[in-house]
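I have placed the structure first, in the form of structure tokens, so that the comments after it can refer back to it.
Throughout, a chain's letter reflects where its sequence line sits, starting with A, and its residues are numbered from 1.
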Amino acid sequence: MSTEKLPKRSADYSAWYNELVKRADLAENSEVRGCMVIKPYGYSIWEKMQQTLDHMFKETGHTNAYFPLFVPKSFLEKEEGHAEGFAKECAVVTHYRLKTDPDRKGKLMVDKDAKLEEELIVRPTSEAIIWNTYRGWIQSYRDLPLLINQWANVVRWEMRTRLFLRTAEFLWQEGHTAHATEQEAVEETLQMLDVYTTFAETFLGIPVFKGRKPAHERFAGAVDTYCIEAMMQDGKALQAGTSHYLGQNFAKAFDVKFTNKENKLEYAYATSWGVSTRLMGALIMAHSDDEGLVLPPNLAPFQVVIVPIYKGDDRSEVVEKCKEFRKRLQAVGISVKLDDRDTHTPGFKFAEYELKGVPVRLALGGRDLKNGTVEVARRDTKTKTSISQDLLESYVKDLMEEIQKNIFQKAYDFRQANTVKVDTYEEFKEAIENKSQFVFAHWDGTTETAEKIKDETKATIRCIPMNNPQEEGKCILTGKPSKERVLFAKAY
RNA sequence: CGGAGUUUAGUUCAGCCCGGUUAGAAUGCCUGCUUUGGGAGCAGGAGGUCGCAGGUUCGAAUCCUGCAACUCCGACCA
């Protein structure tokens, strides 16, 4: 572990992020271009996200299944918009065998005789393979709804990658549901958007705007795309989750028909929805500071770290007390790590756990043994207090809730302070370019206008918020009439 | 895909312009002693085909050519 300080957010936000990811032991670049190694500490956080979301999916009636990594090219072609959208970023398997190179000892080469009849695409998403499978599963309205989720890895050959935010291979979950009616499918789409919103706000501690994407930002093959958008500390937006209403597009492409109650054949209605390891990026960028990661208690691999402090002989006594504390906290459902390594000094450990974002640190030394106290340090506010040992469980338990709330509130206040309404293009540019804010502004509803604004300011329409207040106004660029404001921001 | 940069110890880098002992530092690592309330100290030790392939030269980390990988900025990313 390096002992150097992190770069400051204010000096170079991007460098701060990259360094933090590595130094907090979350992930590192691998030897494979664009692909990361998620390290144990980072993976533990991802596992927490998985567990929480998985529970939420099951509560809403979904079950997990698993579909192949490879998608025959012909499947991907079937839904036209889908095919076009993903074609440029697919990894393609063309051969299934290697052989030793006769000209270079010890080297391998592709065996030209082992060319696949049809190329296999490494899934960039699984609509194609899944809807091809659903054809065999769906005959009657009685087979519906089909509510399935998959935890998987996908590959999108991105030009430029960043740890967690955009990697060539990433982990995610993708829900793929089939329904008998449009209404039910739309309800499912919105339900999952709400699940993501709850997850983001309650567990990640990140307030989000939820809304609908304008037509030109839709998922390839979708009728409607919904999303949640979060603000990072540099004012940029990060799409933290998406939920798509796919209509009958995939059912038609893959011929998934069912007999309805009126004994008529009908195409099934589809949804898909997903969140990825990108959420790790959101978590890091939303809360962390120049000292390192700040983790919400609901997602921290361990919520409390105990650091014993001793001089020579009293080590065993201090460590024993720490073990007792660990036991007491575990008994009330708090996850605890006791760092009783004798090879590092307390100061070193303090710095290390700050870097790693552990929500609460307890320090216990001879002084505390004598006084019956223990020092409690909060990561989010970096404040320390000494409490009576008797209060340990109740104090720490309350503190967990307090920290979770405070982290959300801080992110919320930051977003409020950096979200504005504007009515002129001048104000718009000022807010986007100079202040890097979220901006609610009127838009004439055309793709051309959105493109032009993007070219000139780099801001994109993040979403048209749900329950958006209707309000007469004029498009900031063209002056044409508009009925509502949409959310603009620069985005990751 | 365009632009820039980087490649030397586990890591971060110096050395290169101006070729010449055994290639250095910090940090990390190992051993011992000592220490422990905010990244301890001392002593000793291990660790490098200088990205790869050619070339120039008596001699190349250093100069030349080619290649590759990575990073950053931009474009792209539904």
Side-chain angles (χ1 to χ4, degrees), chain A residues 1-7 12-15 17-19 22-23 28-36 79-90 124-125 127 155-163 165-168 170 212-227 238-239 242 244 246 272 274 276 278 291-292 307-315 318-319 339-356 361-371 373-375 377 382 384 386 447 450-451 454-455 458 460-463 491-492:
Chain A
M1 175 100 27
S2 172
T3 56
E4 283 166 51
K5 290 252 183 252
L6 281 173
D12 187 343
Y13 193 79
S14 185
Y17 175 82
N18 290 335
E19 274 301 299
K22 289 176 200 161
R23 296 266 287 281
E28 63 188 34
N29 282 308
S30 72
E31 298 298 302
V32 186
R33 195 204 78 98
C35 297
M36 64 181 161
E79 211 291 330
E80 203 181 343
H82 191 64
E84 267 186 43
F86 284 104
K88 282 177 291 184
E89 50 191 65
C90 289
T125 178
E127 276 78 4
V155 169
R156 296 181 186 178
W157 213 263
E158 301 288 353
M159 287 303 183
R160 195 171 151 218
T161 59
R162 294 187 71 189
L163 291 171
L165 296 177
R166 182 171 292 110
T167 47
F170 56 93
R212 191 162 43 85
K213 287 285 189 195
H216 59 280
E217 302 270 359
R218 264 181 214 139
F219 174 78
V223 172
D224 244 327
T225 287
Y226 297 85
C227 63
L238 185 78
Q239 182 175 304
T242 48
H244 315 289
L246 304 173
S272 70
S276 71
R278 189 179 226 208
E291 263 64 55
V307 178
I309 298 163
Y310 42 78
K311 291 191 173 64
D313 292 345
D314 61 1
R315 173 160 201 264
V318 170
V319 170
D339 188 349
D340 60 354
R341 289 178 297 175
D342 195 31
T343 49
H344 297 270
T345 59
F348 179 91
K349 294 174 185 176
F350 292 172
E352 180 174 343
Y353 294 112
E354 263 158 34
L355 187 59
K356 290 192 158 192
R361 181 186 73 232
L362 300 182
L364 184 93
R367 212 155 69 197
D368 297 296
L369 282 183
K370 199 161 61 185
N371 301 336
T373 56
V374 57
E375 183 189 85
K382 286 189 283 191
K384 294 194 268 196
S386 195
T447 302
E451 294 288 347
K454 186 186 171 189
D455 287 345
K458 292 183 186 164
T460 50
I461 298 173
R462 303 317 303 159
C463 70
Y492 275 98

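A:T225 comes within contact range of no nucleotide atom at all, as no heavy-atom separation falls under 4.0 Å. As judged by a 4.0 angstrom heavy-atom cut-off over every strand, A:R33 is placed among residues touching the sugar-phosphate backbone only. Heavy atoms of A:G221 sit nowhere under 4.0 angstrom from any nucleic acid atom. No engagement by A:E84 is indicated, since no non-hydrogen atom pair under 4.0 Å with the nucleic acid exists.
The side chain of A:Y310 sits closest to B:rU36 out of B:rU36, B:rG37, B:rC72. Each of B:rG38, B:rA75, B:rG39 was ranked by its minimum atom distance to the side chain of A:R361; first place goes to B:rG38. You'll find that the side chain of A:E158 is closest to B:rC77, out of B:rC77, B:rG37, B:rC72. Proximity note for A:A351 (side chain, C-beta onward) versus B:rC77, B:rU36, B:rG39: the nearest is B:rG39. Distances from the side chain of A:E89 to the nucleotides B:rA75, B:rG38, B:rC77 place B:rC77 closest. When the nucleotides B:rC72, B:rG38, B:rU36 are ranked by their closest atom to the side chain of A:S14, B:rC72 comes out on top.
Taking 4.0 Å as the cut-off between side-chain N and carboxylate O, A:E158 and A:K88 do not count as a salt-bridged pair. Taking a cutoff of 4.0 Å between a charged side-chain nitrogen and a carboxylate oxygen, A:E354 and A:R361 qualify as a salt bridge.
Using Watson-Crick or G-U wobble geometry with both donor-acceptor distances under 3.5 Å, B:rU21 finds no partner in any strand shown. The pairing partner recorded for B:rU27 is B:rG10, the criterion being a Watson-Crick or G-U wobble arrangement whose two distances lie under 3.5 angstrom. Summarising the base pairing, B:rA60 is matched to no nucleotide, lacking a Watson-Crick or G-U wobble pair whose two defining distances lie under 3.5 Å. With a cut-off of 3.5 Å on both Watson-Crick or G-U wobble distances, the partner of B:rG39 is given as none. Pairing partner, B:rG51: B:rC67, with both Watson-Crick or wobble hydrogen-bond distances short of 3.5 Å. Look at B:rC1: its Watson-Crick or wobble partner, with both distances under 3.5 angstrom, is B:rG74.
Rounded to whole Å, atom C1' of B:rG28 lies 13 Å from atom CZ of A:R23. Counting to the nearest Å, the P atom of B:rC76 and the CE atom of A:M159 are 12 Å from each other. Counting to the nearest Å, the P atom of B:rG28 and the CD atom of A:E352 are 13 Å from each other. Distance, A:F170 CZ to B:rC77 P: 15 Å, rounded to whole Å. When rounded to the nearest whole Å, the span between NZ of A:K22 and P of B:rU11 equals 12 Å. Atom pair A:R341:CZ and B:rU36:P shows a separation of 18 Å (rounding to whole Å applied). Distance A:I309 CD1 to B:rG39 P: 11 Å, rounded to the nearest Å. Here B:rG39 presents its C1' atom at 13 Å from CG of A:D339, a figure rounded to the nearest Å.
Taking atom P in both B:rA23 and B:rG10, one finds a spacing of 16 Å when rounded to whole Å. To the nearest whole angstrom, the two P atoms, one in B:rA69 and one in B:rC52, are 15 Å apart. Atom name P, nucleotides B:rA14 and B:rG5: the rounded distance is 15 Å, in whole Å. On the C1' atoms, B:rG39 is 15 Å away from B:rA26, given to the nearest whole Å. As rounded to the nearest Å, B:rA25 and B:rC77 have C1' atoms that lie 42 Å from one another. Comparing the same atom, C1', in B:rA75 and in B:rG48 gives a spacing of 39 Å after rounding to whole Å. Distance check on atom P: B:rU49 versus B:rG44 gives 26 Å, rounded to whole Å. For the C1' atoms, the distance from B:rA9 to B:rC29 is 11 Å, rounded to whole Å.
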Assess the residue pair A:L163 and A:N29 against the criterion (side chain to side chain contact (heavy atoms under 4.5 Å, CB included)); give the C-alpha distance rounded to whole Å, side-chain angles, the decisive distance to 0.1 Å, and a yes or no.
CA-CA 7 Å; A:L163 291 171; A:N29 282 308; 3.5 Å; yes

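A heavy-atom distance below 4.5 Å is not found between the side chains of A:E89 and A:M159.
Between atom OH of residue A:Y17 and atom NZ of residue A:K22 there is a gap of 11.0 Å, rounded to the nearest 0.5 Å.
Summarising the geometry of A:T373 relative to A:S386, their closest heavy-atom pair is CB-OG, 3.6 Å, with the distance given to 0.1 Å.
Put simply, A:N29 has no side-chain N or O that comes within less than 4.0 Å of OP1 or OP2 on B:rC70. One finds no side-chain N or O of A:T345 lying less than 4.0 angstrom from the OP1 or OP2 phosphate oxygen of B:rG39.
Classified by interplanar angle (parallel below 30°, tilted 30° to 60°, perpendicular above 60°), the ring pair A:F219/A:H82 is tilted.
Put simply, the side chain of A:K384 and the base of B:rG37 share no donor and acceptor less than 3.5 Å apart.
One N or O on the side chain of A:N371 and one on the backbone of A:R367 form a donor-acceptor pair closer than 3.5 Å.
Looking at which nucleotide of RNA chain B each of A:F219 and A:N18 is closest to, the 5′-most match is held by A:N18. Each of A:H216 and A:T161 lies near RNA chain B, and the nucleotide nearest A:T161 is the one positioned closer to the 5' end.
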